[in-house]
Amino acid sequence: MRRFDQRVALVTAAASGLGKGVALRLAAEGAHSIIWDRDEAAIGAARDEARALGGRIEIHAVDMMDRAQIEAAVAALVERHGRIDVLVNNIGGSLHTPFHLLELSDGDWERVMAVNVMACVRVTRAVLPHMQRAGYGRIVNMGSKAGRYGSLFTGANYVAAKGAMQAFTLQIAHEFGPFGITCNTVAPGAILTPRVERLLNERQSPAERARIVASIPVRRQGTVDDVAAAIAYLASEEAGFVTGATLDVNGGQAMSI
Ligand SMILES: NC(=O)c1ccc[n+]([C@@H]2O[C@H](COP(=O)([O-])OP(=O)(O)OC[C@H]3O[C@@H](n4cnc5c(N)ncnc54)[C@H](O)[C@@H]3O)[C@@H](O)[C@H]2O)c1
């Protein structure tokens, strides 16, 4: 499938983990994928992988905790490519803050809100006028099973931050639908990226982990490819009548009607 020929896609915080899988998937389907990340080592490794896709991936060092860097990077992107068709708001994470609510400090809340919510708000705010001008856009926010059903291993700060992103999605869908822009959330269950593998090993025993997997209807944990495929659908032109939705990608571990 070549659903993204001529399309320019920005995937944030994507030199490793889920975001990298998404950027590679969009590029494999024809997109010019732009990756932002702040980790120089991860950027170097991703550049090596990206070469295999023949120049369809660009990687830039951007620290998304810095509003000025975000705004300058969006301006540079538009100057160079003239458009941003797809924005995948991938940045986020629980930042290894405690699981128990009573152990979470104000600082734990502020940092997790900053990375999961405010960084995405700032990118989205900078990108939307360009999508509006073009009369086309696909925004996919990275939510989580945690933000929809609660979490077995991350704290209330992360759960609330992802819930906020899922609600943010609805309002973008409302306000920008008339301009040809859709906005949806993907809500993955635990996906075994190196970070999550470490966190699960630390917070769950092997027996607990086995019991959880046995309770998932499809009897396995999710993969980066599972998430990338769901995002590629929502980011494609053919998903134009789907907006304001949250798509669970959790093997049926949590379901709602
Ligand atoms: N992995 C999972 O199980 C899972 C499940 C549900 C949702 N999610 C969400 O998916 C997204 C990606 O998760 P992941 O596990 O791949 O993440 P990750 O922790 O592996 O991080 C991905 C990248 O983010 C970059 N990054 C961090 N802070 C940055 C900053 N300030 N500026 C620029 N880059 C920065 C890191 O350098 C890293 O390369 C997050 O929003 C996460 O909450 C993950």
Side-chain angles (χ1 to χ4, degrees), residues 10-25 34-47 49-50 59-70 72-73 87-97 111-123 140-155 157-166 168-169 185-201 203-204 209 212-213 216 220-228 230-231 246-251 253-254:
L10 168 61
V11 188
T12 65
S16 66
L18 290 181
K20 185 176 74 180
V22 173
L24 292 172
R25 167 77 191 240
I34 288 132
I35 288 176
W36 291 352
D37 207 288
R38 70 172 174 189
D39 179 337
E40 290 294 347
I43 288 174
R47 280 215 172 100
E49 263 185 82
I59 311 181
H60 296 281
V62 179
D63 181 354
M64 298 189 62
M65 289 299 91
D66 180 340
R67 185 172 66 191
Q69 284 194 39
I70 291 176
L87 166 63
V88 181
N89 272 319
N90 173 67
I91 189 165
S94 56
L95 305 181
H96 210 252
T97 54
R111 286 189 305 123
V112 164
M113 285 292 172
V115 79
N116 288 278
V117 182
M118 281 317 295
C120 298
V121 168
R122 289 177 175 140
V123 186
V140 185
N141 291 328
M142 189 65 90
S144 170
K145 173 179 160 285
R148 197 156 151 85
Y149 306 103
S151 177
L152 300 173
F153 61 97
T154 55
N157 53 349
Y158 179 72
V159 170
K162 288 304 192 188
M165 279 310 289
Q166 287 157 207
F168 181 52
T169 296
T185 303
V186 162
I191 307 294
L192 298 182
T193 57
R195 177 183 64 84
V196 167
E197 184 72 56
R198 277 195 305 276
L199 196 61
L200 288 175
N201 282 335
R203 296 188 176 176
Q204 293 171 348
R209 288 189 61 177
I212 289 165
V213 173
I216 298 175
R220 67 172 177 85
Q221 240 143 1
T223 64
V224 171
D225 288 344
D226 290 324
V227 179
I231 290 181
T246 296
L247 178 56
D248 287 322
V249 183
N250 67 30
Q253 189 180 16

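Every value quoted in this text rests on a predicted model; they were computed, and no experiment measured them. Just so you know, residue 1 is the first one in the sequence shown, and it goes up from there. Order of appearance sets the numbers: ligands from 1, and atoms from 1 within every ligand.
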Query raised in the report: Are a donor atom and an acceptor atom from the side chains of D248 and Y149 found within less than 3.5 Å of each other?
Result: yes
Report summary line: Out of K145, M65, R38, Q69, the nearest non-hydrogen contact to atom 27 (C) of ligand 1 is supplied by R38
Query raised in the report: Do the side chain of N201 and the main chain of R198 share a donor and acceptor less than 3.5 angstrom apart?
Result: no
**Report entry** Shortest non-hydrogen contact between V159 and A146, atoms and distance
**Finding:** CG1-O, 3.2 Å
Requested in this report: Determine, using heavy atoms of G222 and all atoms of ligand 1, whether some pair is separated by less than 4.0 Å.
Outcome: no
Query raised in the report: So among V121, V115, N116, which one has a side chain to side chain contact (heavy atoms under 4.5 Å, CB included) with M118?
Result: V121
Query raised in the report: Atoms of ligand 1 less than 4.0 Å from L18 heavy atoms?
Result: 4 (C), 8 (N), 10 (O), 16 (O), 44 (C)
Query raised in the report: I191 to ligand 1: N or O pair under 3.5 Å?
Result: yes
Query raised in the report: Which of the numbered atoms in ligand 1 are below 4.0 angstrom from a heavy atom of G93?
Result: 43 (O)
Query - Donor-acceptor pair, side chain of N90 and main chain of T12, under 3.5 angstrom - result: yes
Query raised in the report: Can you find an N/O atom of A15 closer than 3.5 Å to an N/O atom of ligand 1?
Result: no
Report summary line: If you compare D39, D37, N90 by their heavy atoms, the one closest to atom 40 (C) of ligand 1 turns out to be N90
Report summary line: Note: heavy atom closest to atom 5 (C) of ligand 1, options S16, G189, A13, A190, belongs to G189
**Report entry** Non-neighbouring partners of S16 that pass side-chain hydrogen bond (donor to acceptor under 3.5 Å, both in side chains), sequence neighbours left out
**Finding:** none
**Report entry** Nearest neighbour in protein (non-hydrogen) for atom 6 (C) of ligand 1
**Finding:** P188 O, 3.4 Å
Query raised in the report: With distance as the sole test, does Q204 use its side chain to make a donor-acceptor pair with the main-chain N or O of R209 at under 3.5 Å?
Result: no
Report task. Identify the protein heavy atom lying closest to atom 32 (N) of ligand 1, giving its residue, its atom name and the separation to 0.1 Å. Result -> M64 N, 2.9 Å
Query raised in the report: Backbone N or O of Y158 within a donor-acceptor pair of the S94 side chain at under 3.5 Å?
Result: no
Requested in this report: Provide, to 0.1 Å, the distance between atom 8 (N) of ligand 1 and the closest protein heavy atom, together with that atom's residue and name.
Outcome: Y158 OH, 3.6 Å
Query raised in the report: So, the side chain of N141 versus the backbone of G143: is there a donor-acceptor pair under 3.5 Å, distance only?
Result: no
Query raised in the report: Where is the nearest protein heavy atom to atom 7 (C) of ligand 1: which residue, which atom, and how far?
Result: G143 O, 3.3 Å
Report task. Pull out every atom of ligand 1 sitting under 4.0 Å from any heavy atom of D63, numbered as shown with elements. Result -> 30 (C), 31 (N), 32 (N)
Query raised in the report: Salt-bridged, D66 to R38, with N to O below 4.0 Å?
Result: no
Report summary line: shortest atom 19 (O) of ligand 1-to-protein heavy-atom contact is with R195 NE, 2.6 Å
Query - Enumerated ligand 1 atoms positioned under 4.0 Å from heavy atoms of G92 - result: 40 (C), 41 (O), 43 (O)
Query - Any donor-acceptor N/O pair, K145 side chain to V249 backbone, under 3.5 Å - result: no
Query raised in the report: For atom 1 (N) of ligand 1, what's the nearest protein heavy atom and its distance?
Result: V196 CG2, 3.2 Å
Report summary line: S144 heavy atoms within 4.0 Å reach ligand 1 at atoms 6 (C), 7 (C)
**Report entry** Ligand-residue contact atoms, ligand 1 with V62, heavy atoms, under 4.0 Å
**Finding:** 32 (N), 33 (C)
Report summary line: G17 heavy atoms within 4.0 Å reach ligand 1 at atoms 16 (O)
Report summary line: Near M142 (heavy-atom distance under 4.0 Å), the atoms of ligand 1 are 9 (C), 10 (O), 11 (C), 41 (O)
Report task. Answer yes or no: does an N/O atom from W36 fall short of 3.5 Å to an N/O atom of ligand 1? Result -> no
Query raised in the report: Would you find a donor on one side and an acceptor on the other, under 3.5 Å apart, between the side chain of R25 and the backbone of A228?
Result: no
Requested in this report: Look at the side chain of S151 and the backbone N and O of G147, then say whether any donor-acceptor pair between them is shorter than 3.5 Å.
Outcome: no
